[in-house]
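Shown next, in structure tokens, is the structure this report addresses.
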Amino acid sequence: MITLKSNREIDSMDESGALLADVHKQLRSFIKPGVTSWDIEEFARDYIESHGGIAAQIGFEGYEYATCTSINDEICHGFPRKKALKEGDLIKVDMCVDLKGAVSDSCWAYVVGKPSEKVKKLMEVTKKALYLGIEQAQVGNRIGDIGHAIQTYAEGEGFSVVRDFVGHGIGPTIHEEPTIPHYGKKGKGLRLKEGMVITIEPMINTGTWEMKMDSNGWTAYTQDGGLSCQYEHSLALTKEGQRILTSQGEEGSY
């Protein structure tokens with residue numbers, strides 16, 4: 001079932017999203033060579049809880065951590081660990097915040113130290129793909145318009161779009177209907193309505209879009225060992241247009 005949110009509910013989710021965005025802004029300077037993804041996990045959880053929030057991923061469908069920290073060829077749902085990050089690593093940090101019952105969800109990609117040209121291009125394309133998808137998330141458009149914009153751009157740049165993991169509705173719990181694929185056909189799919197709150201979270205790979213699953217049952221890797229990148233925002237669809245609830249500042253940059 002798709003729930004349409006009131007202005008009051010969207011305002012509350014905006015406050016939750018602002019807290020989540022603050023964590024990501026702090027991580028820009030926190031992530032550096034020698035830091036571990038377990039350090040990121042502890043930092044994020046402490047920050048969320050010290051500001052009155054709950055790390056909503058903990059316990060969700062049995063997941064044990066506040067963050068998903070996916071490195072290099074890990075597509076998503078990487079477990080935090082105590083191995084030091086090294087120069088040039090690409091890490092994606094995905095987390096959810098529950099602030100007074102309002103939920104938000106955002107993933108951001110970071111490079112450790114200086115990026116290679118390959119990593120830099122992948123990050124640029126993935127971030128642009130996110131915002132191209134957001135541009136299509138308008139009342140009256142269809143879900144396929146979002147995926148078509150992302151897929152057309154990413155594949156045109158020589159990359160592939162992950163099929164196995166998609167965006168989704170959000171609130172009152174983390175995963176709600178509808179599903180939001182990052183591939184698709186223009187003009188197809190469910191029509192978007194005022195009051196919907198969704199995530200758009202393209203996962204873009206340097207090689208094949210196909211994946212393989214780790215024995216832990218959570219972490220997905222690229223099948224060919226290629227790099228994977230992800231950016232994600234939560235957004236509300238309103239009469240005035242898209243309202244990005246997890247904005248970190250100037251859109252297109254953050």
Side-chain angles (χ1 to χ4, degrees), residues 1-28 30 40-61 63-70 76-77 80 92-110 127 130-131 133-134 137 139 146 165-180 192-202 230-251 253-254:
M1 181 178 70
I2 297 171
T3 61
L4 301 180
K5 311 303 188 294
S6 67
N7 290 335
R8 179 185 59 80
E9 288 172 314
I10 291 171
D11 287 344
S12 295
M13 295 177 80
D14 198 16
E15 292 179 13
S16 174
L19 173 55
L20 177 45
D22 283 343
V23 183
H24 280 304
K25 286 188 279 189
Q26 296 295 322
L27 290 178
R28 296 178 204 170
F30 185 83
I40 295 169
E41 163 75 10
E42 291 188 320
F43 176 86
R45 182 172 182 176
D46 288 347
Y47 193 96
I48 292 166
E49 292 179 350
S50 68
H51 287 77
I54 297 169
Q57 284 185 164
I58 298 175
F60 179 71
E61 296 183 352
Y63 193 74
E64 297 180 3
Y65 307 102
T67 63
C68 296
T69 51
S70 307
C76 59
H77 305 154
K92 293 81 66 177
V93 182
D94 190 1
M95 61 190 124
C96 299
V97 166
D98 181 330
L99 183 65
K100 301 175 184 176
V103 180
S104 57
D105 185 3
S106 178
C107 178
W108 218 248
Y110 304 87
K127 185 183 285 186
L130 167 66
Y131 288 107
I134 289 173
V139 174
I146 298 171
F165 301 96
V166 296
H168 50 86
I170 183 168
T173 60
I174 293 174
H175 282 182
E176 304 280 340
E177 292 295 329
T179 58
I180 312 292
L192 299 169
K193 297 181 179 180
E194 181 184 351
M196 285 183 174
V197 180
I198 62 174
T199 71
I200 299 177
E201 47 186 295
Q230 181 187 11
Y231 289 97
E232 173 190 13
H233 274 314
S234 298
L235 58 145
L237 308 187
T238 74
K239 289 179 182 177
E240 293 74 30
Q242 314 92 329
R243 181 175 174 183
I244 299 177
L245 306 177
T246 48
S247 173
Q248 297 178 40
E250 183 180 349
E251 297 310 328
S253 297
Y254 294 107

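With sequence neighbours excluded, no residue forms a side chain to side chain donor-acceptor pair (under 3.5 Å) with Q57. Scanning for salt bridge (charged side-chain N to carboxylate O under 4.0 Å, His left out) contacts around D46 gives an empty result, with sequence neighbours left out. Applying the side chain to side chain donor-acceptor pair (under 3.5 Å) rule to T67 yields the partners E41; only residues at least two apart in sequence or on another chain are considered. Taking the side-chain contact (heavy atoms from CB on, under 4.5 Å) definition, one finds that A109 meets it with L90, K92, M123, C229, Y231, sequence neighbours left out. Under the side-chain contact (heavy atoms from CB on, under 4.5 Å) criterion, S50 pairs with no residue, sequence neighbours left out. Partners of F60 according to the ring-ring contact (aromatic ring centres under 6.0 Å, His included) rule, which considers only residues two or more places apart in sequence or in another chain, are H175. Considering only residues two or more places apart in sequence or on other chains, E194 meets the side-chain contact (heavy atoms from CB on, under 4.5 Å) condition with V139, K239. In this structure, the salt bridge (charged side-chain N to carboxylate O under 4.0 Å, His left out) partners of D14, at least two apart in sequence or on a different chain, are R243. By the salt bridge (charged side-chain N to carboxylate O under 4.0 Å, His left out) test, E49 is found to be paired with R45, residues two or more places apart in sequence or in another chain being considered. H51 pairs by the ring-ring contact (aromatic ring centres under 6.0 Å, His included) definition with Y47, not counting sequence neighbours. Not counting sequence neighbours, the partners of K25 by the salt bridge (charged side-chain N to carboxylate O under 4.0 Å, His left out) test are D22. Looking at residues two or more places apart in sequence or on another chain, you find a side-chain contact (heavy atoms from CB on, under 4.5 Å) between H24 and L20, L27, V93, M95, S106, W108, Y110, Q248.
In this structure, CG in L237 is found 7.0 Å from CE in M196, a value given to the nearest 0.5 Å. For the atom pair CD of Q242 and OG of S247, the computed distance is 12.5 Å after rounding to the nearest 0.5 Å. Taking NZ of K100 as the reference point, atom CD of E15 lies at 6.5 Å (rounded to 0.5 Å). With rounding to the nearest 0.5 angstrom, the CG atom of D105 is 11.0 Å from the CG atom of L235. Interatomic distance, K5 NZ to L245 CG, rounded to the nearest 0.5 Å: 10.0 Å. If you take CD1 on I134 and CD1 on I198, they are separated by 8.5 Å, rounding to the nearest 0.5 Å.
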*Assess whether side chain to side chain contact (heavy atoms under 4.5 Å, CB included) is satisfied between E232 and D94, documenting all intermediate values.*
CA-CA 8 Å; E232 173 190 13; D94 190 1; 3.2 Å; yes
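Looking only at distances, a side-chain donor or acceptor of S12 sits under 3.5 Å from a matching main-chain atom of R8. Under a 3.5 Å cut-off, the side chain of T246 and the backbone N or O of G17 do not form any donor-acceptor pair.
Put simply, the side chain of H168 reaches to within 4.5 Å of the side chain of E201, judged on heavy atoms. Taking the side chain as every heavy atom from C-beta outward, I146 and I180 approach each other to under 4.5 Å. Annotation: side chain of M13 is not in contact with side chain of S104 (no heavy-atom distance under 4.5 Å). Residues E177 and M1 fail the side-chain proximity criterion, which asks for heavy atoms closer than 4.5 Å. Taking 4.5 Å as the limit, every side-chain heavy atom of I54 sits out of range of all side-chain heavy atoms of I48.
Closest non-hydrogen pair, S234 versus I170, comes out as OG-CD1, 4.2 Å. The two residues A137 and I200 come nearest to each other via the heavy atoms CB-CD1, 4.0 Å. Across all their heavy atoms, V103 and P172 have their closest contact at CG2-O, 3.5 Å.
Annotation: H77 is in aromatic contact with F165 [ring centroid separation under 6.0 Å].
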